[in-house]
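Heads up, the thing below is written out as structure tokens.
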There are 2 protein chains.
Amino acid sequence: MENRWEENVRRVVPYTPGEQPDFPDMIKLNTNENPYPPSPLVERALRGMETEPLRLYPAPGADALVEALAQYHGLKKEQVFVGVGSDDVLAMAFLTFFNSGRPIRFPDITYSFYDVWAELFRIPFERQPLNERFEIVKEHYFGENGGIVFPNPNAPTGIELSLSEIEEIIAHNRDVIVIVDEAYIDFGGHTALPLIEKYENLLVVQTFSKSRSMAGLRIGYAMGQEKLIKYLNDAKYSFNSYTMNRPSLTMGTAALRDEAYFCETRDKIVATRERTKKELAKLGFTFGDSRANFVFATHSEVPARELFAALKEAHIFVRYFDKPRIDNYLRITIGTDAQMDQLVAFLKKYLEDRRAI
Amino acid sequence: MENRWEENVRRVVPYTPGEQPDFPDMIKLNTNENPYPPSPLVERALRGMETEPLRLYPAPGADALVEALAQYHGLKKEQVFVGVGSDDVLAMAFLTFFNSGRPIRFPDITYSFYDVWAELFRIPFERQPLNERFEIVKEHYFGENGGIVFPNPNAPTGIELSLSEIEEIIAHNRDVIVIVDEAYIDFGGHTALPLIEKYENLLVVQTFSKSRSMAGLRIGYAMGQEKLIKYLNDAKYSFNSYTMNRPSLTMGTAALRDEAYFCETRDKIVATRERTKKELAKLGFTFGDSRANFVFATHSEVPARELFAALKEAHIFVRYFDKPRIDNYLRITIGTDAQMDQLVAFLKKYLEDRRAI
């Protein structure tokens, strides 16, 4: 029998993050991490850190990082909000902006945290189906709603929605907040950032976890008009004054100073992605035009579930979602060329052996 | 005129953290930070850190830190929850446990974040007055309510509630969660931790920010029975999978290994506090029996507001709360002996000069 206090617990079905296996020989292509280390300037910042200042609270406004981001993106510092990864930023945005009681809208196939946040904060929601090519259908977002959120490029499909279609969605929804979650934008997508000048209902969210190789540091951020950012900060200061710790502020700021390294590693990943797509196509895989650091692929003959298990057995970890419409797909993070060669070689042999039986 | 989206913003009056002034010559006694640096083992852990692993997500369960804390406190790892400072832990506990619709209770003079979280999450609350000696009156917490939270020792008074009285409060409230916020417990208080075996409705919250000199790293934690911690973790995983970054996990775990340093610095602070109390008493200040790393003092002749301003002018920062019942008090963090000597010398001269006018 339950005790009475249990009746008042906020019960939730939590988000399930990708596995974090830890084998020395593994090829980890399951959580969209960057195969390259952070910039050498981050290394230098780490070496310059002292422990003495750790006794002091960090700047509650995370000023150094906010100012560096504002400068990087050509914004005022009042237009930038930072958090403990983009999940923290998105959670805070859901809590702050989605309080109308009307259902918010997001795609049926998308980042699987959106419905979790909606459930946590008791926000009603309506999933909008992607079309057969896994594209967002802009018209689905034109009716009365409580707010809109989608990733661009979308996850786990990697498919981009054009900026003009995004603008149409924003323009049709001036009475609610539209969040464009750009976790993967740097790998070939087109950011909606220029639209924030025109639309005060637009919030653009980005992260250091993918293109800046810093998933382990937990830095995400949102950009929008000052009023929007002020509301976000008010909620944040009502939740936790000091979210960004000193190592994050120091190393995050350093990462923004190395544009050359950022471009170099991003370009390598994009080149590897395009090469990998060709190799996978030769093996009988099909996929959309991914603009992210992963491909979302299905095989013409062999079930994704089987391939996922075989790869895992070989300590090659990719992501498999046992969900409607996508349960025959693998989401494969783009690693180094060498890692992708190993993946392709394994799949080639596996498929050959399977045909030979 | 407001746009319609603004009607649905969650409006809050955020918590105001203590000032974070930054002058080379300042004496910073305003946010209860530790005057001593973290353990040398933390320094060693920092020197051993590499940037390459920062490209990978941290362990979502923060396993190394959780296990170290469990071992340190003689608990199972399923009994420990960690967060980005105890504010993050407390926010998550409010969100998870205070959903009955009945008002939660906390003291009228207490940590000023409790009412902010209650407002943020739309939790009704009732403030219970401390008695004239600034003590918590246990009977105020015996009636029907939606949950209870108080710091022990209380902030900003430093006054401890006895363990037997805490147990009475818990025993009278088996149908709701009782949170004992032990941010300052290590400086002479008695932890309620032994009571978690007996009471499944008790959550004990502690932090690395004060007694472990790591405010800048943001590490807090909660301890309770497995069921309670499971609910907290479910909510946490529904908010942000990866809250604790790699530097926090590495350095936090290292800090727990140096019990000798922990005891040494804690004992120094307690000795300095007792010495400072004697000096302040000579100057005409009165205060309760603080068991925290601060004293909460009022002067017989000079208004606290005036002293606060004079100290600030001299770059000696203490905390002043312009609130009912406590607007003639200063909360003075215990720094090094040298810092407290400077504070006392300044106050002595100030009071003498004032009398001479």
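Computed from a prediction, not measured in an experiment: that's the story for all the values here.
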| query | Checking side chain to side chain contact (heavy atoms under 4.5 Å, CB included) for the pair B:Tyr57/A:Glu33: CA distance, chi angles, key distance, verdict? | reply | CA-CA 8 Å; B:Tyr57 283 97; A:Glu33 291 150 331; 3.1 Å; yes
Which answer fits [X], side chain, backbone, both or neither, if we ask what part of it has an atom under 4.5 Å from a heavy atom of chain A?
X: B:Phe121; value: side chain
X: B:Lys210; value: side chain
X: B:Glu200; value: both
X: B:Phe94; value: neither
X: B:Glu52; value: both

Compare every heavy atom of [Y] with every heavy atom of [X], then report the nearest pair and how far apart it is.
X: A:Ser248; Y: B:Asn245; value: OG-ND2, 3.0 Å
X: B:Asn240; Y: A:Phe113; value: N-CZ, 3.9 Å
X: A:Pro58; Y: B:Ala215; value: CD-O, 3.6 Å
X: B:Leu120; Y: A:Ser238; value: CD2-O, 3.6 Å

| task | Could you tell me whether a side-chain N or O of B:Arg10 sits under 3.5 Å from a main-chain N or O of A:Ala235, the two making a donor and an acceptor? | result |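 No, B:Arg10 side chain to A:Ala235 backbone: no donor-acceptor pair under 3.5 Å.
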| chain B contact via A:Gln20 - which portion, at a heavy-atom distance below 4.5 Å | side chain
| request: Check the angle between the aromatic planes of A:Phe239 and B:Phe239 and answer parallel, tilted or perpendicular using the 30° and 60° thresholds. | output: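 Correct class here is parallel.
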| field | A:Arg47/B:Glu50 salt bridge by N-O under 4.0 Å criterion | value | yes
| query | Is the shortest distance from a Lys or Arg side-chain nitrogen in B:Glu6 or A:Lys230 to a carboxylate oxygen in the other one below 4.0 Å? | reply | no
Out of [options], return the one with the most heavy atom pairs under 4.5 angstrom to chain A.
options: B:Arg102, B:Arg55, B:Met214; result: B:Arg55
options: B:Phe97, B:Phe208, B:Trp117; result: B:Trp117
options: B:Asp88, B:Asn201, B:Thr243; result: B:Asp88
options: B:Asp22, B:Val176, B:Leu90, B:Leu95; result: B:Leu95
options: B:Ile177, B:Asn34, B:Thr96, B:Val116; result: B:Thr96
options: B:Gly83, B:Ser39, B:Ala45, B:Ser241; result: B:Ser241

| task | To the nearest 0.5 angstrom, please state how far the CZ atom of A:Arg44 sits from the OG1 atom of B:Thr51. | result |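 It is 12.5 Å, given to the nearest 0.5 Å.
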Which of the residues [options] is involved in the greatest number of heavy-atom pairs with chain B at under 4.5 angstrom?
options: A:Ser100, A:Gly101, A:Pro37; answer: A:Ser100
options: A:Pro53, A:Gly85, A:Ser209, A:Gly147; answer: A:Ser209
options: A:Arg218, A:Lys236, A:Met251; answer: A:Arg218
options: A:Val84, A:Leu249, A:Val9; answer: A:Val9

| said: The test is side chain to side chain contact (heavy atoms under 4.5 Å, CB included); show your working for A:Arg11 and B:Tyr231 and say whether it passes. | reply: CA-CA 7 Å; A:Arg11 310 270 176 121; B:Tyr231 285 130; 3.4 Å; yes
| query | Should A:Val12 and B:Tyr237 be marked as a side chain to side chain contact (heavy atoms under 4.5 Å, CB included) after you check the CA-CA gap, both sets of side-chain angles, and the distance that decides it? | reply | CA-CA 9 Å; A:Val12 283; B:Tyr237 281 116; over 6 Å; no
| query | Hey, does A:Phe98 have a side-chain heavy atom less than 4.5 Å from the side chain of B:Asn8? | reply | no
| request: Report yes if the side chains of A:Ser213 and B:Leu54 come closer than 4.5 Å at any heavy-atom pair, otherwise no. | output: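 With C-beta onward as the side chain, the pair stays apart.
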| field | Residue pair A:Leu46, B:Met49: steps toward the side chain to side chain contact (heavy atoms under 4.5 Å, CB included) verdict | value | CA-CA 8 Å; A:Leu46 175 65; B:Met49 280 191 67; 4.1 Å; yes
